[in-house]
Amino acid sequence: MRIGIYPGSFDPITIGHLDIIRRSAKQVDKLIIGVLNNSKKTPVFTSEERKKMIEEATKDIVNVSVECFDGLLVNFAKLKNANIIFRGLRAVSDFEYELQIAQLNRSLNDKVDTFFLATSVEYAYLSSSSVREIARYKGDISSMVPAEVLEMVEEKFESIYNG
Ligand code: PNS
């Protein structure tokens, strides 16, 4: 059984993430989306909200499940018997950071390998932080987040910035 993990902050999930999820899910029997709880960054959405949004956006993909995790990714991978970590690469700047993390993770647990997927070009410019910025100023994010989560994202920003 090939079990993969696609970890991230997903604050919020974008269609770029969804593209990586669909493609990663085809490579394994089971794909677990790992939503990081204890991020250094303070997220806009709680981990439960992020989990719910990913579940909504991925409900048609049969071999995908979503879980929140704390602590080290390699420990979460071990707990889940996963041996592949998937990460998407948008640009060379992503690669520098990701390579270092992948090597660190491998030094911590050599049973887990990191597989990199090249982001589809149409999503190369997308990031959760730009979605947050645009949503904050009421810009149109409908082509950036999965349709299933658009309302949740807009409502959250409405409640934060307009009470
Ligand atoms: O979506 P992000 O914020 O780029 O995802 C980063 C993530 C969650 C993959 C990374 O921060 C992570 O794995 N954090 C857990 C702590 C850990 O294992 N760090 C790696 C060793 S320094």
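Numbering of residues begins at 1 and proceeds along the displayed sequence. Whatever order the structure lists ligands and atoms in, that order sets their numbers, starting from 1.
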Enquirer: Give a yes or no on whether the backbone of Ile13 and the side-chain of Arg50 come within a donor-acceptor separation of less than 3.5 Å.
Expert: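 No, Arg50 side chain to Ile13 backbone: no donor-acceptor pair under 3.5 Å.
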
Enquirer: According to salt bridge (charged side-chain N to carboxylate O under 4.0 Å, His left out), who are the partners of Arg106, at least two apart in sequence or on a separate chain?
Expert: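 Scan of Arg106 (salt bridge (charged side-chain N to carboxylate O under 4.0 Å, His left out), adjacent residues dropped) gives Asp113.
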
Enquirer: Mind checking ring-ring contact (aromatic ring centres under 6.0 Å, His included) for Phe10 and listing every partner two or more places apart, or none if nothing turns up?
Expert: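 Partners of Phe10 under the ring-ring contact (aromatic ring centres under 6.0 Å, His included) test: Tyr6, His17.
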
Enquirer: Can you list every protein residue that has a heavy atom under 4.0 Å from any atom of ligand 1, sorted by chain and residue number?
Expert: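 Those residues closer than 4.0 Å to ligand 1 by some heavy atom are Pro7, Gly8, Ser9, Leu36, Lys41, Gly71, Leu72, Leu73, Arg87, Leu104, Asn105.
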
Enquirer: Not counting sequence neighbours, list each pair that qualifies as a ring-ring contact (aromatic ring centres under 6.0 Å, His included) and has a residue in residues 23-80.
Expert: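 Only Phe69-Phe76 qualify under ring-ring contact (aromatic ring centres under 6.0 Å, His included).
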
Enquirer: Under 4.0 Å between a Lys/Arg side-chain N and an Asp/Glu carboxylate O for Lys59 and Glu148?
Expert: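 Salt bridge absent between Lys59 and Glu148.
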
Enquirer: Please name the residue in the list Lys156, Met53, Glu49 that meets the side chain to side chain contact (heavy atoms under 4.5 Å, CB included) test with Val149.
Expert: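 Per the side chain to side chain contact (heavy atoms under 4.5 Å, CB included) rule, the option paired with Val149 is Met53, out of Lys156, Met53, Glu49.
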
